[in-house]
2 protein chains.
Amino acid sequence: MSSPQPLLILTDDDLLAERWQGLGRSPVRARNLEGLDTWRAAGHRLVLIDLGNAKAGQPPLWTQPGWQRNAAGLAILATSSMPNDDEGLAALNAGASGYCHSHAPLETLLQALDVIASGELWVGRALLSRLLRLVDSRLPRSGLADWATPLTEREREVAHLAALGESNLAIAGALGITERTVKAHLKAVFEKLQVADRLQLALRVHGVR
Amino acid sequence: MSSPQPLLILTDDDLLAERWQGLGRSPVRARNLEGLDTWRAAGHRLVLIDLGNAKAGQPPLWTQPGWQRNAAGLAILATSSMPNDDEGLAALNAGASGYCHSHAPLETLLQALDVIASGELWVGRALLSRLLRLVDSRLPRSGLADWATPLTEREREVAHLAALGESNLAIAGALGITERTVKAHLKAVFEKLQVADRLQLALRVHGVR
DNA sequence: ACGCCCCCTGTCCTTGTGGACAATGGCGAC
DNA sequence: GTCGCCATTGTCCACAAGGACAGGGGGCGT
């Protein structure tokens with residue numbers, strides 16, 4: 001349906017290159033980052049890259065010197081023979097527009113290529129749901145954070161400062177009350193949040209685990 | 001390329017419904033959640049939903065009683081006339097497979113529908129890059145975290161446990177050493193990381209501020 | 001062999017922390 | 001008016017934490 005853009009494939013794996021011929025579009029093959037430069041110079045954008053087996057090629061592709069310059073302006077679909085969430089995130093952060101399995105069904109690859117060709121990003125279901133879970137667990141809820149809900153206003157203030165590592169005396173000074181009162185508030189906070197000490201409180205407040 | 005699946009559209013906006021006729025596929029229109037049930041009963045999966053203007057319909061669609069049951073098993077593309085990152089996250093968490101602008105170009109909508117029809121998730125560039133930024137700011141860096149680099153192996157172990165709120169005695173037990181030794185390691189950790197106590201250490205380790 | 005670093009442990013000692021027990025004044029609900 | 005919740009403060013006390021000295025044993029490079 002979309003105008004099939006010319007495609008550059010970049011891989012060291014001959015078998016994979018052959019498989020990718022099945023994508024149609026008679027892709028051009030490159031073997032190193034310089035190929036990206038000439039590809040862009042020719043006015044093209046679409047690139048399919050095999051990151052290879054993480055174990056084999058030690059340094060990830062995007063840590064190589066020319067990467068930033070070479071990747072700029074291109075729509076790159078990064079693929080891995082052993083997809084891994086962290087690698088995917090790293091690839092996307094490094095400028096790739098998509099990430100999936102090297103041996104994904106050709107239909108899936110075509111769809112991903114279509115998506116990134118139109119300027120969007122493409123992320124697999126697994127990686128995306130991990131992202132969602134990550135942000136979901138530590139996003140500002142509507143209004144108050146969950147840890148703050150059972151606390152009174154004063155207790156919130158004390159808890160917040162304590163969670164930043166302030167000493168009882170410092171908190172007392174900041175709020176213009178006695179250290180004894182700070183202790184009283186903290187005692188209530190510990191009780192309500194079911195934590196043993198200020199460190200556990202800090203972890204809770206900052207959403208660790 | 002992909003077999004065009006039958007499409008159900010769900011919106012209160014007549015203009016929008018008319019516009020979506022342009023998607024082809026002669027979509028069926030529904031006006032309430034019950035429509036989803038009959039749609040699934042008919043053996044279909046693909047649904048395009050307009051969440052409407054967030055201000056107008058106060059309760060988000062997915063908080064309505066029947067939503068969970070109605071949405072199960074369907075591939076739903078949620079759209080909003082005023083896209084908003086938080087709404088998008090909520091929609092995806094509520095079971096939608098995609099989220100974009102109600103008046104996005106028809107090509108974009110078709111592409112998104114193709115993607116979710118094939119079982120993947122579809123997220124717009126803006127929302128996705130926000131997700132990436134969120135996780136990027138607090139994800140384990142490649143190999144060692146910055147706080148760990150100046151520490152010896154043993155110091156890392158002790159620091160890690162201390163940052164989780166374990167007591168010196170507990171750490172000693174976990175590592176099979178004396179509490180005194182734990183203190184020695186922690187002292188070195190505090191010195192190297194330039195922090196005053198274990199709470200500041202925890203904040204550093206967990207990347208707060 | 002000597003210095004350097006790491007890992008381990010010991011005995012003080014000071015201080016911050018957190019719990020126990022107790023009390024006062026304000027303020028809204030019944 | 002009384003009850004309950006909140007904020008405030010007091011004293012006493014047990015204990016974990018962290019610093020100050022001090023030391024032994026192992027590995028590693030020059």
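Proteins come first, then strands; the chains are lettered A, B, ... in the order of their sequence lines, and each starts at number 1. Note that the structure is predicted; figures quoted are calculated from it, not measured. Scope of the values below: all heavy atoms of this structure, side chains included, with no hydrogens, waters or symmetry mates.
When the C1' atom of D:dA16 is taken as reference, atom CG of B:Asn168 falls 7 Å away, rounded to whole Å. Look at CG on A:Leu169: it is 14 Å from P on C:dG18, rounded to the nearest Å. Atom CD of A:Glu166 is separated from atom P of C:dG16 by 14 Å (rounded to the nearest Å). Atoms CD (A:Glu179) and C1' (C:dT15) sit 11 Å apart, rounded to a whole Å. Residue A:Lys183 contributes atom NZ, which lies 12 Å from atom P of D:dG10 at whole-angstrom precision. Taking atom CG of A:Leu199 as the reference point, atom P of C:dG18 lies 10 Å away to the nearest angstrom. Atom-to-atom, NE2 of A:His185 to P of D:dC6 comes out at 11 Å; the value is rounded to the nearest Å. One interatomic measurement links the two molecules: CG of B:Leu151 to P of C:dC7, which rounds to 10 Å at whole-angstrom precision.
Closest approach to the B:Glu153 side chain among C:dG10, C:dC7, D:dT9 is made by C:dC7 (side chain taken as heavy atoms from C-beta onward). When distances are taken from the side chain of A:Thr181 to each of C:dT9, C:dG18, D:dT8, the shortest belongs to D:dT8. Taking only side-chain atoms of B:Arg180, from C-beta outward, the nucleotide of D:dT8, C:dC7, C:dT11 with the closest atom is C:dT11. Checking C:dT17, D:dT9, C:dC7 against the side-chain heavy atoms of B:Thr152 singles out C:dC7 as nearest.
Judged by distance alone, the side chain of B:Asp197 and the main-chain N or O of B:Gln200 form a donor-acceptor pair under 3.5 Å. Checking side-chain atoms of B:Trp39 against main-chain N and O of B:Leu46 turns up a donor-acceptor pair under 3.5 Å.
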Hey, mind stepping through A:Leu7 and A:Val28 against side chain to side chain contact (heavy atoms under 4.5 Å, CB included) and telling me if it holds? CA-CA 6 Å; A:Leu7 173 66; A:Val28 177; over 6 Å; no
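Dashed line: the shortest gap from a side-chain N or O of A:Arg154 to OP1 or OP2 of D:dC6 is not under 4.0 Å.
More than 12 heavy-atom neighbours from other residues, nucleotides or ligands sit within 6.0 angstrom of NE2 on B:His44.
A side chain to side chain donor-acceptor pair (under 3.5 Å) with B:Glu155 is found for one member of B:Lys192, B:His185, B:His160 and no other, namely B:Lys192.
The shortest side-chain heavy-atom distance between B:Asn168 and B:Leu186 falls under the 4.5 Å cut-off.
Near DNA chain D, meaning a heavy atom under 4.0 Å away, the residues from residues 186-197 of chain B are B:Lys187, B:Phe190, B:Asp197.
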Under 3.5 Å, which donor-acceptor pairs do the side chains of residues 9-23 of chain A form with other protein atoms, sequence neighbours left out?
residue: A:Thr11; atom: OG1; partner: A:Asp13; partner atom: N; Å: 2.9
residue: A:Thr11; atom: OG1; partner: A:Asp50; partner atom: OD2; Å: 2.9
residue: A:Asp13; atom: OD1; partner: A:Leu15; partner atom: N; Å: 2.9
residue: A:Asp13; atom: OD1; partner: A:Leu16; partner atom: N; Å: 3.1
residue: A:Asp14; atom: OD1; partner: A:Arg29; partner atom: NH1; Å: 3.0
residue: A:Asp14; atom: OD1; partner: A:Arg29; partner atom: NH2; Å: 3.1
residue: A:Arg19; atom: NH2; partner: A:His103; partner atom: O; Å: 3.2
residue: A:Arg19; atom: NH2; partner: A:Ala104; partner atom: O; Å: 2.8
residue: A:Trp20; atom: NE1; partner: A:Ser102; partner atom: O; Å: 3.3

